[in-house]
Amino acid sequence: MISNFKRIIILCSTIFIMLSITASYILSRKMMKPIIRSWDKQVEFVENASHELRTPLTIIQNKLELDTGIGISEEALPRIFDRFYREDRARSRESGGSGLGLSIAQWIAGSHHGTIQALHNQPKGMIFRVKLPK
């Protein structure tokens, strides 16, 4: 009887171990489906991302002109890309910025092997022309 009991215990243990492994495999495959789907979407996005990279360059290469200011005096023109330079000395940081904007814009353009120019716009205002290589 003990011999039969040992065989039954071994047989039942083997069956339950196999069932446990099979159930674990099936449940893990089911739980992995959303992750695999997300991974496939990410791979597809990266493969098709070239249009995402071309679009900003197309926008940047287009011409954009805004005339909202009074312009910059001829004496100040050589210094406008200097850090912390503000033509209007009466403006404080609270009311007129820190004088870093054009310096940062020039640094960004230079980092991309491009240029930025300030040109007088007649009758008033300035045109800032940014050129980036293709």
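Heavy-atom basis, side chains included; hydrogens, waters and symmetry copies ignored.
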Next on the checklist: I need the S3 OG to I8 CD1 distance, nearest 0.5 Å.
Outcome noted: 10.0 Å

Next on the checklist: Once rounded to the nearest 0.5 Å, what's the spacing between atom OG of S28 and atom CE of M31?
Outcome noted: 9.5 Å

Checklist entry - Under 3.5 Å, is there a donor-acceptor pair between the side chain of T22 and the main chain of M18? => result yes

Next on the checklist: Could you measure the distance from the CG atom of N4 to the CG atom of L11? Nearest 0.5 Å is fine.
Outcome noted: 11.5 Å

Checklist entry - Does the pair W107 and S111 meet the rule for a side-chain contact (heavy atoms from CB on, under 4.5 Å), with working shown? => result CA-CA 6 Å; W107 176 78; S111 295; 3.6 Å; yes

Next on the checklist: Closer than 3.5 angstrom, by distance alone: can the side chain of S20 be matched with the main-chain N or O of F16 as a donor-acceptor pair?
Outcome noted: no

Item to check | Point-to-point distance, once rounded to the nearest 0.5 Å, from CD1 of I36 to CZ of R29 | outcome: 5.5 Å

Checklist entry - Rounded to the nearest 0.5 Å, what separation is found between the CD1 atom of I10 and the CZ atom of F5? => result 11.0 Å

Checklist entry - In Å, rounded to the nearest 0.5 Å, how long is the span from CD1 of I35 to CG of D40? => result 12.0 Å

Checklist outcome for this item: Residues I116 and A105: closest non-hydrogen pair is CD1-CB, 4.0 Å

